[in-house]
Enquirer: 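Would you mind keeping the following structure in view while I ask a few things?
We count ligands from 1, going down the list as the structure has it; atoms in each ligand are counted the same way.
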Amino acid sequence: MNDKPRSTANTNNRRGTFQLLSAYIYGDKALLSKATIFLLLATAADVFGPYLGKVFIDDYLMPRNFDTQALVILLCLYLVTQVAAAWLRYKQTMHFTTMALNAVQDIRQRAFKHVLNLPMAYFDHARTGQLVSRITNDTEAIKDLYVQFLSVVMSNLILLVGILIAMALLDLQLMLASALLIPTVVGVIFLYEKFSGPAVQHSRHLRSEINANVSESIAGMSVVQATNQQQRFIGKFDSVNDDYYRARMRTIKVSALLLRPAIDLLSVLVLVAIIWMFGLQVTTGVAEVGVLYAFLNYLGRFTEPLAEVTQRFNLYQQAMVAGDRVHTLIEESEQQYHNTPAQVSEGRLSVSQLNFAYQVDKPVLHDISFSLQPGELYAVVGHTGSGKSTLLSLLLNFYQGNPGAIQLDNQPLESFSHDNLRRGIGLIPQEPFIVAGTLRDNIDMGRGLPESELLRAAQQAHLSDTLAQLPEGLDTLLGEGGTRLSTGQRQQLVIARALAASPRILLLDEATANVDSETEQVIQRALKELHGQVTMIIVAHRLSTIKHADQILVLSHGRIEERGTHKELMGEEKGLYRSMYQLQQQAKRVEMLS
Ligand code: ATP
Ligand code: MG
């Protein structure tokens, strides 16, 4: 994942971000039009207040005309407009906030769903914390775009227009003097964009870096503490944290300098200009005090929206950068599956001339060919790094080799839909992954299988005895990572999970590498019982566990060096398998003697 800050904004991506975000603005037209109507009405009510003040001063106060009835009407009108303005503002804020929260909820859902459908290759480079940061913080920042920016900026711009109209009606010259502020503010915003853009981008990158650091340390806590790496991790965290502090300070400095103070200074200058021009009018005898009152009142409200708008540009900047990050994530292409009705019904598997490389110039598998009849058990052995796990990943379609090289029940692997493939092939990985929840959740994994099916799978995995000892049986809660089970039991649970959907093909990647010999025997027995019913490929380091395999494939540097039954391979005088086997037997004897 490219999470580096880009100094030059990628315009294509920015356009995509605009599309992504504006889709939500226009998405709910009814809500948008309601919000806008409330906004217009609120603005009209707001602008009307000072005008009523001007009427009071010029028509009643200055001529000392205290007509009670007219004054009561004026006062009531003033109160009504102000109360109405407050209520309308409330309605408008609620509508915009609803829009924002809907949008964020949807974007977050989309981003998460997308991540779950990304090809496995994506996760070779992705860092958990950074992904989490994109799905949580960045989508949250987008909310500000709607609530803070869109609503505030739109309402202020409309207020600005309303005030300009009211000012023009009162005095065109004074209005023009006030309007001078607008181009100046646009200039300030432009400068702000220019200076703060890269800084904001950098700071958001650092923030996701902080998340990545935290999540990595927590995920690897046992390793961190066991190897006494706390100081190093603290140091690394401190340095990113410091960088983040400095980057934030830079963005805050730019906004603190350019936004509010600049506008305040400019508005004082305009105020001086208006008072001076009004003074000129007084000397020529055309001035009305009420107009000055209304103007000063409007000017106060006029600079406020401008200041608000500029200040919100800060949030706009953050939201756009966050939007970019989410957009880049959403644009990552998902894993493509076909939607043919092909199903794995028998469990016949054939691989012919399969080649694969993770990186273009570093081939990992060369010219792999073998085929299994339904119910056969093949073992794959070989030194570390020889490509055993890679072969299993390809059979699961996590990565793709040359098209058509892998066939299931005489159909190319690519033609299977995601669902049918997962139902047809079960994987038992080396590291059992347990989700926080009950045993039932962990075996079922959301497939809604009947209880009898779950119990059958548990029995096949020889998990029934463990289950009987638990007071709540299938409904026993397991902690995150299955902390209430031993490693062996976790492995059995994962086997039960794979068996629960009655797959026709089962792939095991060193499923017994981490368990004691007693549990290993239990697992071996379970696998033996399945032999003949389910097609199995077992990757194993301990060669004594796969002696009964129908065929053993010996991988070396991504090629099949030898193949045959245990007996046949042991007959090869200088065979790789034979030497590996003998080495392991010797090691075992030495272990027993010592
Ligand atoms: P082990 O017995 O240690 O599990 P293995 O036979 O399963 O080893 P693989 O995991 O298949 O070996 O790796 C085969 C080669 O591919 C190795 O050289 C490894 O460095 C490389 N490799 C594995 N996964 C990736 C990946 N995601 N991206 C790039 N290279 C990879
Ligand atoms: Mg492996």
Side-chain angles (χ1 to χ4, degrees), residues 1-3 115-128 130-131 212 216 219-220 223 332-335 349 351 353-370 378-402 405-406 413 425-433 487 490-491 494-495 498 505-515 520 523 527 536-546 549 551-563 569 575-577 579-581 583-584 587:
M1 176 170 62
N2 179 14
D3 207 78
V115 167
L116 290 189
N117 285 305
L118 285 172
M120 288 302 290
Y122 180 83
F123 299 96
D124 292 345
H125 314 286
R127 293 177 70 188
T128 317
Q130 289 185 340
L131 278 176
E216 272 161 18
V223 178
E332 285 288 339
S333 44
E334 288 190 4
Q335 170 114 29
L349 172 67
V351 176
Q353 299 177 335
L354 173 69
N355 294 302
F356 176 73
Y358 288 103
Q359 287 137 13
V360 186
D361 48 342
K362 288 186 192 141
V364 174
L365 293 178
H366 316 258
D367 202 13
I368 304 284
S369 302
F370 61 90
Y378 272 30
V380 179
V381 302
H383 292 301
T384 180
S386 55
K388 304 180 294 291
S389 300
T390 305
L391 179 61
L392 295 194
S393 299
L394 292 176
L395 293 175
L396 286 158
N397 206 11
F398 285 165
Y399 296 87
Q400 289 74 36
N402 42 329
I406 301 173
L413 181 71
I425 306 186
L427 168 72
I428 297 166
Q430 184 168 2
E431 285 296 322
F433 175 70
T487 314
R490 268 179 250 164
Q491 198 57 267
V494 174
I495 293 177
I505 299 175
L506 207 53
L507 307 178
L508 292 96
D509 196 350
E510 300 187 22
T512 54
N514 286 334
V515 297
E520 183 183 326
I523 296 176
L527 296 180
M536 281 190 277
I537 296 187
I538 299 182
V539 168
H541 259 297
R542 253 181 282 174
L543 305 182
S544 56
T545 61
I546 45 109
Q551 177 120 209
I552 298 168
L553 308 175
V554 186
L555 273 187
S556 172
H557 301 291
R559 289 179 198 280
I560 299 183
E561 275 301 305
E562 293 170 21
R563 63 174 85 203
L569 291 175
L576 183 60
Y577 179 82
S579 68
M580 278 164 66
Y581 188 81
L583 208 66
Q584 286 192 359

Enquirer: What I want to know is whether G387 and ligand 1 share at least one N or O pair that is separated by under 3.5 angstrom.
Expert: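 N/O-N/O distance under 3.5 Å: yes.
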Enquirer: When you measure from the side chain of Q584 to the backbone of H541, do you find a donor-acceptor pair of N or O atoms at a distance under 3.5 Å?
Expert: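 Looks like yes, one N/O pair under 3.5 Å.
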Enquirer: Could you tell me the separation between the CD1 atom of I538 and the CD1 atom of I552, rounded to the nearest 0.5 Å?
Expert: 10.5 Å
Enquirer: Got a sec, which residues hit side chain to side chain donor-acceptor pair (under 3.5 Å) with Q400, two or more places apart in sequence or on another chain?
Expert: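 Q400: side chain to side chain donor-acceptor pair (under 3.5 Å) contacts with N397.
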Enquirer: Could you pull out the closest heavy-atom pair between L506 and A498, with the gap in Å?
Expert: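 Scanning both residues completely, I find the closest heavy atoms to be CD1-CB, 3.9 Å.
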Enquirer: Side chains of residues 356-363: which donor-acceptor pairs under 3.5 Å do they make with residues two or more places apart or in other chains?
Expert:
residue	atom	partner	partner atom	Å
Y358	OH	T390	OG1	3.0
Q359	OE1	K362	NZ	3.4

Enquirer: Pick whichever of Y358, F398, Y399 has a heavy atom sitting closest to atom 28 (N) of ligand 1.
Expert: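 Considering heavy atoms of Y358, F398, Y399, the nearest to atom 28 (N) of ligand 1 sits in Y358.
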Enquirer: Contact between ligand 1 and E510 is defined here as a heavy atom of the residue under 4.0 Å from a ligand atom; is it met?
Expert: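 It does; at least one heavy atom falls under 4.0 Å.
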Enquirer: Take atom 6 (O) of ligand 1 and look for protein heavy atoms under 4.0 Å from it; say yes if you find one, no if not.
Expert: yes
Enquirer: Please could you name the atoms of ligand 1 that S389 approaches to less than 4.0 Å, counting only its heavy atoms?
Expert: 4 (O), 5 (P), 7 (O), 10 (O), 11 (O)
Enquirer: So if I count the atoms of ligand 1 from 1 in the order they appear, which ones are less than 4.0 Å from some heavy atom of T390?
Expert: 9 (P), 11 (O), 13 (O), 14 (C)
Enquirer: Please check this pair: side chain of E562 against backbone of L576, looking for a donor-acceptor N/O pair closer than 3.5 Å.
Expert: yes
Enquirer: Would a distance-only check, ignoring hydrogens and angles, find a side-chain to backbone donor-acceptor pair under 3.5 Å from N402 to L354?
Expert: no
Enquirer: So, for atom 15 (C) of ligand 1, does the protein have a heavy atom nearer than 4.0 Å?
Expert: yes
Enquirer: Look at atom 2 (O) of ligand 1 and say which protein heavy atom is nearest, naming residue and atom and giving the distance to 0.1 Å.
Expert: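 Scanning the protein heavy atoms, the shortest distance from atom 2 (O) of ligand 1 goes to K388 NZ, 2.8 Å.
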Enquirer: Can you sort out the partners of Y378 under ring-ring contact (aromatic ring centres under 6.0 Å, His included), two or more places apart, ordered by chain and number?
Expert: none
Enquirer: Heavy atom to atom 1 (P) of ligand 1, shortest distance: which of V364, L391, T384 holds it?
Expert: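 Nearest heavy atom to atom 1 (P) of ligand 1 lies in T384.
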Enquirer: Measure the distance from atom 27 (N) of ligand 1 to every protein heavy atom, then report the residue, atom name and distance (to 0.1 Å) of the closest one.
Expert: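 Result: D124 OD2, 2.8 Å.
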Enquirer: Go through M580 and H383 one step at a time and tell me if the side-chain contact (heavy atoms from CB on, under 4.5 Å) criterion holds.
Expert: CA-CA 9 Å; M580 278 164 66; H383 292 301; 4.0 Å; yes
Enquirer: Can you tell which of L508, V494, L507, D509 makes a side-chain contact (heavy atoms from CB on, under 4.5 Å) with P429?
Expert: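 Going through the options one by one, the only one that passes is V494.
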Enquirer: To the nearest 0.5 Å, what is the distance between CG on L349 and CZ on F370?
Expert: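 One finds 5.5 Å between CG of L349 and CZ of F370.
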Enquirer: Does the residue M120 have a heavy-atom contact with ligand 1, meaning some pair of atoms that are separated by less than 4.0 Å?
Expert: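 Judged by the 4.0 Å heavy-atom criterion, M120 does not count as contacting ligand 1.
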Enquirer: Do S386 and ligand 1 have an N or O pair less than 3.5 Å apart?
Expert: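 Yes, since at least one N or O of S386 sits under 3.5 Å from an N or O of ligand 1.
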Enquirer: With heavy atoms only and a cut-off of under 4.0 Å, state how H541 meets ligand 1: side chain, backbone, both or neither.
Expert: side chain
Enquirer: Any heavy-atom pair between the side chains of V351 and L395 that's under 4.5 Å?
Expert: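 L395 reaches V351 side chain to side chain.
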Enquirer: For a distance under 2.8 Å, give residue and atom name for each protein N, O or S atom next to the Mg ion (ligand 2).
Expert: S389 OG
Enquirer: Do any N or O atoms from the side chain of K388 and from the backbone of L555 form a donor-acceptor pair under 3.5 angstrom?
Expert: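 Such a contact is absent between K388 side chain and L555 backbone.
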Enquirer: Just going by heavy-atom distances, which of S393, A357, G385 is nearest to atom 12 (O) of ligand 1?
Expert: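 Nearest heavy atom to atom 12 (O) of ligand 1 lies in G385.
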